[in-house]
There are 2 protein chains.
Amino acid sequence: MAVVDIQFTAHDCGGCPIKHRAVCARCDDDELSLLEEIKYYRSFEAGQTVLWSGDPMDFVGSVVTGVATLSQTMEDGRTQMVGLLLPSDFVGRPGRGEAAYDVTAVTDLTMCCFRRKPFEKLMERTPHIAQRLLQMTLDELDAAREWMLILGRKTAREKIASLIFILGRRDASLGLGTTTVGQMTFDLPLTREAMADYLGLTLETVSRQISALKKEGVIDLQGKRRVHVPDHERLLAETGDDADGGMVA
Amino acid sequence: MAVVDIQFTAHDCGGCPIKHRAVCARCDDDELSLLEEIKYYRSFEAGQTVLWSGDPMDFVGSVVTGVATLSQTMEDGRTQMVGLLLPSDFVGRPGRGEAAYDVTAVTDLTMCCFRRKPFEKLMERTPHIAQRLLQMTLDELDAAREWMLILGRKTAREKIASLIFILGRRDASLGLGTTTVGQMTFDLPLTREAMADYLGLTLETVSRQISALKKEGVIDLQGKRRVHVPDHERLLAETGDDADGGMVA
DNA sequence: GCGATGCCTTGACGTAGATCAACCTTGGGC
DNA sequence: GCCCAAGGTTGATCTACGTCAAGGCATCGC
């Protein structure tokens with residue numbers, strides 16, 4: 001089956017319960033079968049730590065289902081999330097033998113892993129893999145830079161609005177949640193504490209700001225996790241970003 | 001002359017005043033001569049804006065001499081620096097036709113540029129370019145994540161110490177400045193305001209914290225720009241990071 | 001030499017968000 | 001149905017940093 005580009009995304013197409021597609025129209029079959037050969041799946045429960053920073057890491061891979069985070073912790077316990085991994089996001093770095101960040105499953109998680117050494121070899125011989133990874137890494141870098149603006153210059157309220165906006169945007173682009181013109185409903189995959197670690201705030205401040213946005217009708221909550229945004233524009237206005245194109249990708 | 005890997009670094013080797021090496025032992029001469037063909041230099045004075053966010057961008061390139069910054073500005077004028085470009089750093093994104101950030105020369109600046117379209121074509125045919133760019137982008141992503149910890153969780157004092165540490169480390173790795181065991185001396189390439197934009201602080205806070213570190217003997221200043229760090233370990237202790245390997249690459 | 005200009009420093013004061021602490025909600029196990 | 005634990009909310013207070021304002025100190029053109 002010929003596919004135009006290499007995909008690191010989840011597909012359910014029989015065989016193994018969740019099939020991970022890694023095929024490329026321009027690479028020959030040997031490459032593909034090798035990729036299949038070094039592939040395996042790992043599952044984690046919500047709350048489990050996948051890897052501690054400094055652990056040896058003999059695989060790279062990507063998230064198939066669930067949500068994971070990358071975070072850094074200082075000696076005194078202050079922690080900052082530095083990556084939020086949703087389905088199709090890549091984990092690990094070719095050429096790096098140990099984890100640079102703590103990787104944690106925040107929901108039940110399935111990952112598709114490739115043994116690192118053979119993957120690196122394959123990457124040398126199959127240019128499209130490196131090209132695809134380059135695009136993905138550049139996207140992550142853009143996201144990191146948007147995140148830096150949030151961390152460095154936004155108020156607590158703007159931070160919360162931005163986070164909700166970003167999570168909604170990602171869910172929408174993955175076809176999750178409900179989206180109608182100007183509205184959306186979806187689940188927050190993070191606890192208040194995880195949101196605080198994302199935004200460089202305390203969990204109390206997160207809670208207060210969410211309450212405030214709720215009281216003012218910017219968002220609506222069903223339970224603690226499910227969010228309804230009645231007016232997309234209104235939320236965007238609260239993020240501090242300008243309407244068009246202010247936020248990347 | 002055969003070189004093992006593609007380099008995006010500055011070399012003065014005759015021909016053009018500052019020669020930009022883009023050679024690869026494993027690629028044939030045609031590729032190389034094409035890379036030479038689409039190459040040109042641009043110079044900017046300190047303070048000049050290279051590109052505004054949203055400007056069309058028909059080149060990619062790298063810094064040859066000087067320092068430039070990437071930054072994002074909100075409607076009300078708050079700005080956050082999201083990239084600090086020193087010699088050999090890459091600018092631009094293959095496949096992106098407009099600048100996503102403001103690019104500013106903070107010192108006199110020379111850049112080596114390649115016309116974007118032909119560069120992209122060349123990249124498709126010359127795998128080592130994508131592989132090299134991938135490594136560089138991954139390094140930038142690591143730096144961005146270190147930066148996120150600084151922005152989100154560190155105190156003003158720790159931020160300043162971290163910045164001085166990072167700048168010293170980079171200067172040392174480029175062979176600039178003076179380094180003896182446990183000591184170093186180098187020039188801050190940034191104004192107080194630029195440091196504030198880097199760290200998500202105000203320039204007054206930057207100034208106060210620098211004064212405090214000076215008063216306490218952690219650093220020493222000759223003029224406003226030249227820094228002497230008498231005890232590397234002492235400075236590192238002030239950054240809040242743990243001694244070994246806490247900070248990436 | 002002498003303003004003028006662009007950084008930088010320092011001080012006084014205000015405030016957003018952290019901290020400390022109590023309490024509430026929800027869901028699971030029995 | 002009841003208890004318990006984990007996560008979430010809300011209030012009172014504290015403080016690090018921002019804001020506003022007044023100089024200081026080099027460098028430049030004249």
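Reminder, nothing fancy here: chain letters follow the sequence lines and each chain counts from 1.
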Practice prompt. Would you indicate, yes or no, if C:dC7 has its OP1 or OP2 atom less than 4.0 angstrom from a side-chain nitrogen or oxygen of B:Arg225?
Written response: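 Looking at the OP1 and OP2 atoms of C:dC7, neither is under 4.0 Å from any side-chain N or O of B:Arg225.
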Worksheet item: Can a side chain N or O of A:Ser211 be found less than 4.0 Å away from OP1 or OP2 on D:dT10?
Response: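 So the side chain of A:Ser211 is within the cut-off, an N or O lying under 4.0 Å from OP1 or OP2 of D:dT10.
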Worksheet item: Distance-only, no hydrogens or angles: does the B:Arg42 side chain make a donor-acceptor pair with backbone N or O of B:Cys113 under 3.5 Å?
Response: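 Side chain of B:Arg42 to backbone of B:Cys113, a donor-acceptor pair under 3.5 Å: no, none is there.
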Worksheet item: How do A:Lys224 and A:Arg157 order along DNA chain C: which one's closest nucleotide is nearer the 5' end?
Response: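 That would be A:Arg157.
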Worksheet item: How far apart are the closest heavy atoms of A:Phe44 and A:Met111, and which atoms are they?
Response: CE1-SD, 4.3 Å
Which whole-number value in Å describes the distance from [X] [atom1] to [N] [atom2]?
X        : N      : atom1 : atom2 : result
A:Glu193 : C:dT19 : CD    : P     : 13 Å
A:Arg192 : D:dT9  : CZ    : C1'   : 9 Å
B:Ile160 : C:dT9  : CD1   : C1'   : 14 Å
B:Arg226 : C:dC8  : CZ    : P     : 16 Å
A:Ile210 : D:dT9  : CD1   : C1'   : 11 Å
B:Asp197 : C:dC8  : CG    : P     : 12 Å
A:Met195 : D:dT9  : CE    : C1'   : 13 Å
B:Leu221 : D:dA26 : CG    : C1'   : 15 Å

Worksheet, complete the sentence: Numerically ordered, the residues 198-209 of chain B set in heavy-atom contact under 4.0 Å with DNA chain D is B:Gly200, B:Leu201, B:Thr202, B:Glu204, B:Thr205, B:Arg208
Strictly by modelled atom types, are [X] and [Y] linked by a side-chain donor-acceptor pair under 3.5 Å?
X        : Y        : result
B:Asp197 : B:Thr79  : yes
B:Asp241 : B:Thr239 : yes
B:Thr65  : B:Thr110 : yes

Discussion item. Parallel, tilted or perpendicular: which one describes the rings of A:Trp147 and A:Tyr198, with boundaries at 30° and 60°?
Written reply: parallel
Discussion item. Among B:Arg153, B:Gln209, B:Lys154, which residue satisfies the side chain to side chain contact (heavy atoms under 4.5 Å, CB included) criterion with B:Lys159?
Written reply: B:Lys154
